[in-house]
A.B. asks: 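Structure incoming, see below.
Read the numbers this way: they start at 1 and go in the same order the structure lists the ligands and their atoms.
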Amino acid sequence: MRKTIIAGNWKMNNTASQGVALVKAIAPLVEDAECDVVVCVPAIDIPAVGEALKGTKIALGAQNVHFAEKGAYTGEISASMLKEYGVQYVIIGHSERRQYFGETDETVNKRTLAALAAGLTPIVCIGESLEERETGKTESVLAKQIEEGFKGIEDIKKIVVAYEPIWAIGTGRTATAEQANETIGFIRRKIGEMFCPKCAENVRIQYGGSMNAGNCKELMAMPEIDGGLIGGASLKAPDFAAIVHYNK
Ligand code: 13P
């Protein structure tokens, strides 16, 4: 049985004090959560939000991690720096980082291996653009992201995969539940071929892209979908809590 994981990706939203206020509003609403609940916050919010999360059901996540242990990488943050503040999860290879900050499958791979070595759970994002979907390239694009991004992972069930079709992110245009289920099924088969079919059965694969309180139930009812990576709707306590309670 794969345990559902609902994670918020705040992106570049919320100062530390706003973040603290938000998690204080979310925490009582998700006290009875049956799934794993995570908030992935801006790096500078980590100390304050981490403190506010103590004693709650919500785990702390970051939005990126560098692959080196330390050194001359101005502006970057290492896994041990995240760990010291109680960070458990880290998003890696979000399409916005691939698009605006030169992230490649190779750097995604290096960050993922570094996160795993430090005992963090990577949430590795993959997904196709609208043009790639419309020209029938979805599966080949995802296969390449998996082959190159997941190379060398010893225990594949230690990562969480987030399938985020780029055309569904922040657009209000969500993939249909069937589309998301079918594509996540493909991702699982591909992971099975690369590692082993049984290992793939234990990998949690989230859907991300305009998931909200209204559509989460239908998406989450799909057998291949093990959770959500939520952008916009994670910034409002009642909306995020409603997604955590998708089955209520
Ligand atoms: P939205 O939920 O705002 O579409 O963002 C999805 C996302 O990119 C989560 O990482």
A.B. asks: Let me know which of R98, R111, H94 forms a side-chain hydrogen bond (donor to acceptor under 3.5 Å, both in side chains) with E103.
C.D. replies: R111
A.B. asks: Regarding ligand 1, does G231 bring an N or O atom to under 3.5 Å of one of the ligand's N or O atoms?
C.D. replies: yes
A.B. asks: As an exercise, identify every atom of ligand 1 less than 4.0 angstrom from a heavy atom of S210.
C.D. replies: 1 (P), 2 (O), 4 (O)
A.B. asks: Do NZ/NE/NH1/NH2 and the carboxylate oxygens of E106 and K151 come within less than 4.0 Å?
C.D. replies: no
A.B. asks: Using a strict 4.0 Å cut-off to heavy atoms of A168, name the atoms of ligand 1 that fall inside it.
C.D. replies: 4 (O)
A.B. asks: Is the closest heavy atom of A233 to ligand 1 under 4.0 Å?
C.D. replies: no
A.B. asks: Go through it in stages, so that I can follow the logic: the residues are E128 and K137, the test is side-chain contact (heavy atoms from CB on, under 4.5 Å), and I'd like the CA-CA distance, side-chain angles, deciding distance and then a yes or no.
C.D. replies: CA-CA 8 Å; E128 80 288 359; K137 297 197 187 102; over 6 Å; no
A.B. asks: For L229, which part has a heavy atom under 4.0 Å from ligand 1: side chain, backbone, both, or neither?
C.D. replies: both
A.B. asks: Can you tell me which residue and heavy atom of the protein come closest to atom 3 (O) of ligand 1, and the distance to 0.1 Å?
C.D. replies: G232 N, 2.8 Å
A.B. asks: Take atom CD of Q18 as the centre, draw a 6.0 Å sphere, and report whether it contains more than 12 heavy atoms from other residues, nucleotides or ligands.
C.D. replies: yes
A.B. asks: Quick test: of every protein heavy atom, which one is nearest to atom 5 (O) of ligand 1, and how far off is it to 0.1 Å?
C.D. replies: K11 NZ, 3.3 Å
A.B. asks: Could you establish whether G209 and ligand 1 come within less than 4.0 Å of each other, counting only heavy atoms on the residue side?
C.D. replies: yes
A.B. asks: Would you say Y207 and T183 are linked by a side-chain donor-acceptor pair, where the criterion is simply a distance under 3.5 Å?
C.D. replies: no
A.B. asks: Answer yes when R204 and D36 have at least one side-chain N-carboxylate O distance shorter than 4.0 Å, and no when they do not.
C.D. replies: yes
A.B. asks: Assess R189 against F186: is NZ or CZ under 6.0 Å from the centre of the six-membered ring, and within 45 degrees of the ring's axis?
C.D. replies: no
A.B. asks: So for S95, does at least one of its heavy atoms come nearer than 4.0 angstrom to any atom of ligand 1?
C.D. replies: no
A.B. asks: Identify the heavy atoms of S210 and G170 that sit nearest to each other, and give their distance.
C.D. replies: OG-N, 3.8 Å
A.B. asks: To the nearest 0.1 Å, how far is atom 9 (C) of ligand 1 from its closest protein heavy atom, and which atom is that?
C.D. replies: E164 OE2, 2.9 Å
A.B. asks: So, regarding E96 and ligand 1 (criterion: nitrogen or oxygen to nitrogen or oxygen, under 3.5 Å), is there a contact or not?
C.D. replies: no
